[in-house]
Amino acid sequence: MKMLTIGRYQLANPAVLAPMSGVTDLPFRRLAARYGAGMVVSEMVASESFVKGDAETQMRAEAQDKGLHVVQLAGREARWLGEAAKVVAGLGADVIDINMGCPAKKVTSGYSGSALMRDLDHALTLIEATVAAVDIPVTLKMRLGWDDKSLNAPELARRAEAAGIKLITVHGRTRCQFYKGNADWRAIAAVKEAISVPLIANGDCKGFESALRMLELSGADGVMIGRGAYGRPWLPGHIGHFLATGEKLEAPRGSELAELVAEHYEAVLSHYGERQGVRIARKHLGWYLDEAVTAGNADIPGPVRKTLMTSNQPSEVIRLANDWLSSSNIRTAA
């Protein structure tokens, strides 16, 4: 495959970790970057809250240790997106991504995220303000459209490129689909035909073969992995390596997986503080366990899972997770 570029930057491979609120925080991005993801993107950052100094929002924009520092901004007012872009660029961001794809009601009800695809003229004012505010590359993430009657992703992509956007990502569903059904990778091809900047396809990329099929049907230059990376922070890097070399790397198993889970758990507690961290880490623990059980055709004893999902004692959680993952020698799926 040809190398994927964003403005002056060249990615090591064409597999990208998707921005996911409540998932791609700093601890998760660090792991994905270390495992070789071509690029990782921050959680969605609300531009107005960020500029006004909201601590939780600012935490979302922190840089990981490795790879490009990419911050995704969301908003409905050009003023705030432009100001937020200036601030994150001043703090060292390499790339800014604009969110016009989030389907969550709390986002679209505020006329942000994928709701912006209902008014392309307004969407362009936000793009223009962001591009004009900084001298770093600006990218755009969107869906196919608001619903099946307004599949306007090609038009928005074309206008966005003319406004200075350097790369476009399209999730192969409409907003009204949310995450139901299957992503339509063929429909993304219409966006590829409308633009000359690189295109990344998103939606239902879960492994090596689905990544190849996604590229084949969409004609995209790269793939973005979202929910497929739940409990598998290595997946974007392994897919990227496969697309670049044809080699399928083995996923962590046994003691290696146990060490990874413990590292991730402790990083979450360090990032958020123990009181909040033990609760936030539970979803990741659940995903790790589900993946291990599914891939290993095994089962975790009910009392062990219950303790891992409810205990407020980090040492107990780490010990139990380590004992079960190491002794079971369960191999996780790639």
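In this text, all values refer to a predicted model and were calculated from it rather than measured experimentally.
- The two residues Thr108 and Cys102 have their closest heavy-atom pair at CG2-O, 3.5 Å.
- Atom CE of Met44 is separated from atom OG of Ser112 by 8.0 Å, given to the nearest 0.5 angstrom.
- In this structure, the separation between CG on Leu167 and CD on Glu161 is 10.5 Å, given to the nearest 0.5 Å.
- More than 12 non-hydrogen atoms from other residues, nucleotides or ligands lie less than 6.0 angstrom from CZ of Arg227.
- Within 6.0 Å of atom CZ in Arg8, more than 12 heavy atoms from other residues, nucleotides or ligands are found, so the atom counts as buried in its surroundings.
- Inspection of the Asp97 and Thr139 side chains reveals an N or O donor paired with an N or O acceptor under 3.5 Å.
- Counted by atom type alone, Glu316 and Thr307 present zero donor-acceptor pairs between their side chains at under 3.5 Å.
- Taking all atoms of both residues into account, the shortest heavy-atom contact from Arg76 to Tyr111 is CB-O, 3.3 Å.
- In this structure, CD in Gln64 is found 8.5 Å from CZ in Arg30, a value given to the nearest 0.5 Å.
- Side chain of Ser150 to backbone of Asn152: no donor-acceptor contact under 3.5 angstrom is found.
- With respect to Trp234, the side chain to side chain contact (heavy atoms under 4.5 Å, CB included) criterion is satisfied by exactly one of Leu249, Leu31, Leu257: Leu257.
- Taking 4.0 Å as the cut-off between side-chain N and carboxylate O, Arg173 and Asp204 count as a salt-bridged pair.
- Hydrophobic clustering (ILVMFWY, side-chain heavy atoms < 4.5 Å, transitive): Phe28 and Ile280 are in distinct clusters.
- Minimum interatomic distance between Gly226 and Asn202 (heavy atoms only, all atoms of both residues): N-ND2, 4.4 Å.
- Between Lys248 and Glu209 there is a salt bridge, with a side-chain nitrogen of the basic residue lying less than 4.0 Å from a carboxylate oxygen of the acidic one.
- Taking CD from Gln72 and OG1 from Thr169, the interatomic distance works out to 9.0 Å, rounded to the nearest 0.5 Å.
- For Arg305 and Asp290, the salt-bridge test passes: some basic side-chain N is under 4.0 Å from an acidic carboxylate O.
- Looking at Gln177, its side chain does come within 3.5 Å of a backbone N or O of Thr174 through a donor-acceptor pair.
- Using a 4.5 Å heavy-atom cutoff, the side chains of Arg34 and Glu263 are in contact.
- In plain terms, the two heavy atoms of Phe50 and Gln58 that are nearest each other are O-NE2, 3.4 Å.
- Contact of the Val138 side chain with the Ile127 side chain is not registered, since no non-hydrogen atoms from C-beta on lie closer than 4.5 Å.
- Judged purely by atom type and a 3.5 angstrom limit, His69 uses its side chain to pair as donor or acceptor with the backbone of Ala61.
- Of the possible polar contacts, none joining the Arg282 side chain to the Leu308 backbone as a donor-acceptor pair under 3.5 Å is found.
- Contact check for Leu140 versus Met142: side-chain heavy atoms found under the 4.5 Å cut-off.
- In terms of modelled atom types and a separation under 3.5 Å, the side chain of Arg29 and the main chain of Glu62 share a donor-acceptor contact.
- Stacking of Arg143 on the aromatic ring of Tyr179 is recorded, both the 6.0 Å distance cut-off and the 45° axial limit being met.
- In terms of hydrophobic clustering, with Ile, Leu, Val, Met, Phe, Trp and Tyr side chains grouped at heavy-atom distances under 4.5 Å, Val197 and Leu11 are assigned to different clusters.
- Side chain of Asp221 to backbone of Leu4: no donor-acceptor contact under 3.5 angstrom is found.
- Note on Val88 and Met100: same hydrophobic cluster, where clusters join Ile, Leu, Val, Met, Phe, Trp and Tyr whose side-chain heavy atoms are under 4.5 Å apart, directly or indirectly.
- In Glu56, the CD atom is not crowded: 12 or fewer heavy atoms of neighbouring residues, nucleotides or ligands sit closer than 6.0 Å.
- In this structure, Ile188 and Leu144 have side chains that are in contact, with non-hydrogen atoms separated by less than 4.5 Å.
- Side-chain heavy atoms closer than 4.5 Å link hydrophobic residues (I, L, V, M, F, W, Y) into clusters, and following such links, even through other members, never connects Ile98 to Tyr9.
- In the displayed structure, Lys192 atom NZ is contacted under 6.0 Å by more than 12 heavy atoms of other residues, nucleotides or ligands.
- Between the side chain of Trp80 and the backbone N or O of Ser49 there is no donor-acceptor pair closer than 3.5 Å.
- For the atom pair CD of Glu77 and OG1 of Thr125, the computed distance is 10.0 Å after rounding to the nearest 0.5 Å.
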side-chain contact (heavy atoms from CB on, under 4.5 Å), that's the test. Do Ile96 and Val131 meet it? Break it down for me. CA-CA 9 Å; Ile96 291 170; Val131 171; over 6 Å; no

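- For the pair Thr24 and Ala18, the tightest heavy-atom approach, listed with the atom from each and the gap, is CG2-O, 3.1 Å.
- In summary, the side chains of Tyr272 and Asp25 do present a donor paired with an acceptor at a separation below 3.5 Å, with no hydrogens or angles considered.
- When every heavy atom of Ala220 is checked against every heavy atom of Leu199, the shortest pair comes out as CB-O, 3.5 Å.
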Any chance you could lay out the side-chain contact (heavy atoms from CB on, under 4.5 Å) test for Leu124 and Leu156, step after step, and finish with the verdict? CA-CA 8 Å; Leu124 261 292; Leu156 176 56; 3.8 Å; yes

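- Between the side chain of Arg232 and the backbone N or O of Lys206, at least one donor-acceptor pair lies under 3.5 Å.
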Could you walk me through whether Val278 and Glu274 pass the side-chain contact (heavy atoms from CB on, under 4.5 Å) check? CA-CA 6 Å; Val278 291; Glu274 183 174 311; 4.2 Å; yes

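- There is a side-chain donor-acceptor pair under 3.5 Å between Tyr288 and His264.
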For the pair Leu116 and His122, evaluate side-chain contact (heavy atoms from CB on, under 4.5 Å) and give the outcome as yes or no after the intermediate values. CA-CA 7 Å; Leu116 293 167; His122 178 59; 3.7 Å; yes

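- Residues Ile6 and Val223 do not share a hydrophobic cluster, defined by chaining ILVMFWY side chains whose heavy atoms lie under 4.5 Å apart.
- Counting heavy atoms from C-beta on, the side chains of His238 and Phe208 come closer than 4.5 Å.
- No donor-acceptor pair closer than 3.5 Å links the side chain of Arg175 to the backbone N or O of Ala115.
- With respect to Arg159 and Asp121, a salt bridge is recorded, a charged nitrogen being found less than 4.0 Å from a carboxylate O.
- Annotation: side chain of Met224 is in contact with side chain of Pro19 (closest heavy-atom distance under 4.5 Å).
- No side-chain heavy atom of Glu193 sits under 4.5 Å from any side-chain heavy atom of Pro154.
- Between the side chain of Ser47 and the backbone N or O of Ala74 there is at least one donor-acceptor pair closer than 3.5 Å.
- The distance from atom CZ of Arg253 to atom OG of Ser326, rounded to the nearest 0.5 Å, is 13.0 Å.
- Using cut-offs of 30° and 60° for the angle between ring planes, the Trp287 and His284 rings count as perpendicular.
- In this structure, Cys205 and Ile239 have side chains that are in contact, with non-hydrogen atoms separated by less than 4.5 Å.
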